[in-house]
Structures are given as C-alpha cells and as structure tokens.
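Let me begin by presenting the structure, written as structure tokens, before commenting on it.
Note that the structure is a prediction, hence the values are computed from the model and not measured. Here is the naming used below: chain letters follow the sequence lines, and residue numbers restart at 1 for every chain.
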There are 2 protein chains.
Amino acid sequence: MVHNSPFARKIASYVQLGEIEIQSVSDLYRRRRKFAPGLDLVHQGEIDQSAFIMADGWAFSYKILSDGARQIVNFHIPGDFLGVRSVLFRTSDHNVEPITQIEASEVSKTDLFQTFSKTPRLATAVLWAASRDEAMVVEHLVGVGQRPAPERTAHLILELSTRLKLVGLGDKTGFTCPLTQYHLADAMGLTPVHVNRVLREIREAGMMTFQNGRVTFDDYESLVDFADFDRTYLDQDGPALKM
Amino acid sequence: MVHNSPFARKIASYVQLGEIEIQSVSDLYRRRRKFAPGLDLVHQGEIDQSAFIMADGWAFSYKILSDGARQIVNFHIPGDFLGVRSVLFRTSDHNVEPITQIEASEVSKTDLFQTFSKTPRLATAVLWAASRDEAMVVEHLVGVGQRPAPERTAHLILELSTRLKLVGLGDKTGFTCPLTQYHLADAMGLTPVHVNRVLREIREAGMMTFQNGRVTFDDYESLVDFADFDRTYLDQDGPALKM
DNA sequence: CGTAGCTTTGATGTAGGTCAAGAAATGTGG
DNA sequence: CCACATTTCTTGACCTACATCAAAGCTACG
C-alpha cells in the first residue's frame with residue numbers, strides 16, 4: 001500500500017506515521033505525473049516554484065556557469081523530496097533535470113503549507129529530509145575540496161548506494177544506475193576522461209565495477225575503507241520529535 | 001538601538017519589524033557571551049546543540065577528514081544566525097571555530113521555538129537566512145568544482161564583501177579581514193602556497209590587495225568581471241511573506 | 001543499419017601541489 | 001618597550017594529478 005512507496009518508506013523510518021499522516025502522504029502521492037528525460041522540471045530564476053516528490057526514476061540538480069561549465073549539486077532518487085527550499089523561500093537558484101523518465105508528484109506551495117499545518121509530524125519529517133540534503137551538499141564540497149579523484153568517486157558511489165538501500169533499491173551487491181560518466185564527472189569536478197580512468201583503476205583493484213548501467217560491489221568492505229566512508233553518514237537517528 | 005545590531009539590521013532588510021519582533025530580537029540579543037579564538041563553539045557529533053547569533057567577530061564552520069585535511073564550509077560574520085539546522089533537527093555534523101574573539105548570543109532550542117511561535121515573521125526571516133546559507137554552500141561547491149583558482153579566490157572575496165556590506169562592515173573600497181591565507185586555502189581546496197601566488201597575481205593585475213588584515217579593492221569592476229560574480233547573488237528580494 | 005551518444009585508450013600539456021627556507025609580522029613574558 | 005618565539009607570508013625549484021586533444025570502438029534506438 002502506501003508504505004510501498006519510497007517516499008512513505010523513507011518518511012516512516014524517521015517518524016511514526018499515524019492515520020492522518022498516512023492519509024496525507026497518500027494524498028500528496030496520488031497526483032503523480034511523468035516527466036521526460038532531459039527536460040528541466042525546475043529552472044534557475046523561476047519564482048513560485050513547486051516542490052516535487054520523486055516516485056520513480058533519477059534526476060539531478062545543477063548550476064551552469066557562464067562559460068558553460070556544469071556543476072551537479074546532487075542526484076535525486078525515488079523517495080526524495082526536492083525543492084523544499086525554493087518553495088519555502090523564493091526563486092530557485094538551480095535547475096533540476098530528469099536523467100531517466102521520472103514519475104513525480106508536484107506539490108504546490110499551498111498544498112505544502114496545508115499539509116504542514118494538518119500534520120506537523122510530517123512537516124518535521126520533510127524538514128528533516130531537507131536538512132539531510134544539506135548535509136549531503138556539504139559532504140560533496142568536502143569531497144571536491146579535499147579528496148583525491150579515486151576516493152571521491154568511491155565515496156559518491158557509496159553515498160548513492162546507501163540512499164538507494166534506504167528506499168529498497170539495490171543492496172550490498174550493487175544497484176542499477178543510469179548515470180553516465182559525464183554525470184559523475186560534473187558532480188565531482190573532474191573530466192569524463194579522468195573519471196573513466198579512475199573507474200578502471202577501482203575495478204582493477206577488485207573493489208567495484210561501474211558498467212552497463214549497473215554498479216557492482218566486488219569488495220564492499222575494501223571500498224568503504226578506501227573511500228573513508230562513514231557508515232553512520234545518512235543514518236537516521238531520527239529528528240527532534242519531542243518538540 | 002536594536003537596529004544598530006548587525007543581526008537586526010540584516011533581519012530588517014528581509015521583513016518589516018513590528019513592536020513585538022523588535023522586542024523578541026532584542027531579547028535574543030541581550031544574552032551575549034564572548035568566545036575565545038580557536039576554541040570550537042560547536043562540534044561534530046554533539047547533540048542538543050544551541051544556535052548562535054553572531055554579534056561581533058569572525059568564525060568558520062568546517063569538517064575534518066581522517067587524514068587531517070580540513071574543509072572550511074563557510075565563514076561567519078556579525079549578523080549571521082548559525083546552527084539553525086543542528087538545532088532544529090539533530091546532532092551537528094560539523095564544527096564551528098572562532099577566528100577572532102567573538103561575541104555571540106547562544107539560543108537554545110526552547111528559546112528558538114518560543115520565539116518562532118510568538119513571532120512567525122521572525123521565524124520566516126530566520127529560515128530565510130538559513131536558506132541563504134545553503135545557497136552559499138552550493139556556490140562554494142560550484143567554485144571548488146568548476147572555477148580556476150584565481151577566479152575562485154576573487155569570487156570568495158567578493159561574496160564576503162557583499163555579506164559584510166549588508167551588515168555595515170566594509171564598503172566598495174574594501175574591508176577589514178582577519179582571515180589568513182590558510183583559511184582561504186582550506187575554504188577553496190587549495191594549498192596556502194598557491195593561494196599566496198594567486199593573491200599576488202590578482203594584486204599585480206591591479207584588481208585587489210589582500211594584506212595586513214585588510215582587503216582593498218583596487219578595481220572593483222574588473223574584479224567582479226574577472227570572477228564572473230553575479231551581482232544579484234545574496235540580494236534579498238525578500239522571502240515568501242504573503243504566506 | 002546509421003548516426004548520435006557513450007566509453008576507452010594513448011600522447012602530451014599544465015594548474016596546482018610539494019618541499020624547502022628565508023623574511024615579515026604578530027604575539028608574549030619580563 | 002624590548003628580546004624572543006610563533007605564526008604568517010613569500011619565493012624558488014621541482015613534481016604529479018588531472019586536463020586536453022585526438023581517435024577508435026562500443027551501444028542503442030529511431
């Protein structure tokens with residue numbers, strides 16, 4: 001039922017859902033639409049932006065510099081609630097583009113605020129998710145600023161794996177992954193050519209294989225070790241619910 | 001009076017402050033303490049963290065990797081409200097260290113929520129400030145990922161200048177700046193040695209001088225141009241107040 | 001079944017890192 | 001207010017991680 005949706009599954013792992021919350025989630029969830037790959041669903045500078053709950057597929061948010069360089073800020077997978085910030089506060093300062101065909105529910109500002117006042121617990125969960133996203137951006141900054149390319153790559157893949165496992169996509173052995181090496185490159189501030197070499201290196205070290213739309217962990221433990229990946233990162237110890 | 005404080009000044013530029021709001025701000029503001037440079041006021045992993053309103057001095061938030069590398073995530077100046085995220089949601093995932101001696105008001109979780117329910121307009125302003133901080137982190141990621149060192153450096157300094165001007169510190173000619181080249185290096189993912197060379201280059205190009213605790217703009221227009229600095233970045237067109 | 005988007009590899013270039021060491025500045029105790 | 005210590009800054013010589021340029025082989029799907 002509702003709990004089968006990635007969003008509900010994720011939310012439920014943060015807060016105990018009661019009758020009303022389940023109803024609200026299911027309301028938000030019902031109005032799903034499909035979006036084609038490559039067509040931005042959020043763009044920079046737009047006002048009165050909606051938020052989106054991702055139900056299926058992959059997307060990414062990014063910024064473009066005047067010289068055409070693209071920095072991918074984060075990837076979005078099923079269960080993600082994206083654009084909370086733009087909705088709450090003003091114009092969007094970034095773009096969001098689907099990688100695959102995606103299914104997402106558009107949540108208007110009004111809907112969001114109504115849901116918030118009806119079900120404060122849900123509001124907490126949503127804001128908690130937003131705060132998790134922020135932590136991820138910080139982690140990306142740390143990676144790009146301080147980690148060498150191979151470790152950075154391993155770290156990014158492990159982060160994705162962790163997030164995917166939380167919504168029931170993929171497991172310890174690997175996951176299905178529609179990203180191209182160009183996506184990885186723009187997320188990590190590297191060239192596609194170098195990403196390719198780094199992936200080969202990691203593969204030849206027997207740690208992980210990124211090929212044919214699939215990531216396979218050949219030695220998960222070594223990879224975690226190599227990337228210096230914090231296992232508690234993205235762990236939900238739950239939000240400050242007692243408030 | 002109250003409006004002379006950097007925090008009130010900044011908040012007032014977002015929302016119209018009424019009687020009650022001014023009172024609240026002034027309440028929060030009164031309980032100031034001094035903190036010595038070098039002693040972290042927030043550390044990673046700590047729970048039930050307070051937020052802080054910076055009244056005077058400079059600080060920075062950062063993360064340390066296991067190999068000792070440090071990534072500075074942002075600098076904090078008077079008027080900044082820091083730690084909103086940690087307070088609202090859980091344990092802190094980063095550290096905050098004062099650069100100079102600072103004066104800051106500690107705002108407990110309880111205080112914050114009380115203020116929020118008493119003065120919703122203030123809540124909006126605070127969340128808006130938090131969202132601005134997030135935008136800055138994204139911009140830092142873009143810089144570290146895509147901009148060459150000289151442009152990156154120019155951009156960071158211009159960002160600081162813009163923020164400082166908003167709270168009445170510094171002007172078009174420059175600002176007082178307690179940052180060392182080590183700070184700049186760790187914020188930008190460069191070595192101090194290279195930062196030094198880049199600063200020289202920028203200085204010799206007649207654009208800006210970073211010396212003796214002061215940044216001087218020798219040719220502001222060229223610098224903005226060189227850094228591809230968006231003049232509307234950090235502009236407050238105001239939050240979504242009509243809600 | 002062709003053409004456009006990916007991936008892979010090689011040869012070569014360069015931005016920025018590392019190592020080293022002296023010069024300024026800044027701070028501290030007497 | 002001066003010696004001395006420590007932290008910053010600056011510069012030079014050299015090195016490496018990653019970029020650039022180029023081209024060939026894959027894959028996919030219209």
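Using a 4.0 Å cut-off, no side-chain N or O of A/Gln181 falls inside it from OP1 or OP2 of C/dG5.
The listed nucleotides are D/dT10, D/dC18, D/dC21; the one nearest the side chain of B/Asn196 is D/dT10. Among the nucleotides C/dT7, D/dT10, C/dG16, the one closest to any side-chain atom of B/Arg152 is C/dG16. Among C/dT18, D/dC18, C/dT8, the nucleotide with an atom closest to any side-chain atom of A/Gln211 is C/dT8. Across D/dC9, D/dC18, C/dG17, the shortest atom-to-atom separation from the side chain of B/Tyr182 is found for D/dC9.
Between A/His194 atom NE2 and C/dT7 atom C1' there is a gap of 16 Å when expressed in whole angstrom units. Straight-line distance from the CD atom of B/Glu201 to the P atom of D/dT11: 13 Å, rounded to whole Å. Rounded to an integer number of Å, the gap from B/Gln146 CD to D/dA19 P is 10 Å. Protein atom NE2 of B/His183 is 8 Å distant from nucleotide atom P of D/dT8, rounded to whole Å. Atom CZ of A/Arg147 and atom C1' of D/dA17 are 17 Å apart (whole Å). B/Leu184 places its CG atom 19 Å from the P atom of D/dT7, with the value rounded to the nearest Å. Counting to the nearest Å, the P atom of C/dC6 and the CG atom of A/Leu179 are 12 Å from each other. For the pair B/Leu199 CG and D/dC9 P, the computed distance is 9 Å after rounding to whole Å.
Using cut-offs of 30° and 60° for the angle between ring planes, the A/Phe7 and A/Phe81 rings count as perpendicular.
With contacts defined as side-chain heavy-atom distances shorter than 4.5 Å, the pair A/Ser61/A/Val96 qualifies.
Below the 3.5 angstrom threshold, one finds a donor paired with an acceptor across the side chain of A/Arg197 and the base of D/dT20.
For B/Asp56 against B/Pro78, the heavy-atom pair with the smallest separation is CA-CG, 3.9 Å.
Side-chain contact annotation: A/Gln49 with A/Ser92, donor-acceptor N/O pair under 3.5 Å absent.
Between A/Ala149 and B/Arg200, the one whose closest nucleotide on DNA chain D sits nearer the 5' end is B/Arg200.
Residue contacts shown for B/Gly189 are limited to sugar-phosphate atoms, with no base heavy atom under 4.0 Å away. As judged by a 4.0 angstrom heavy-atom cut-off over every strand, B/Pro192 is placed among residues making no nucleic acid contact.
Here the rule is ring-ring contact (aromatic ring centres under 6.0 Å, His included) with A/Phe60, and of A/His183, A/His94, A/His140 only A/His183 fits it.
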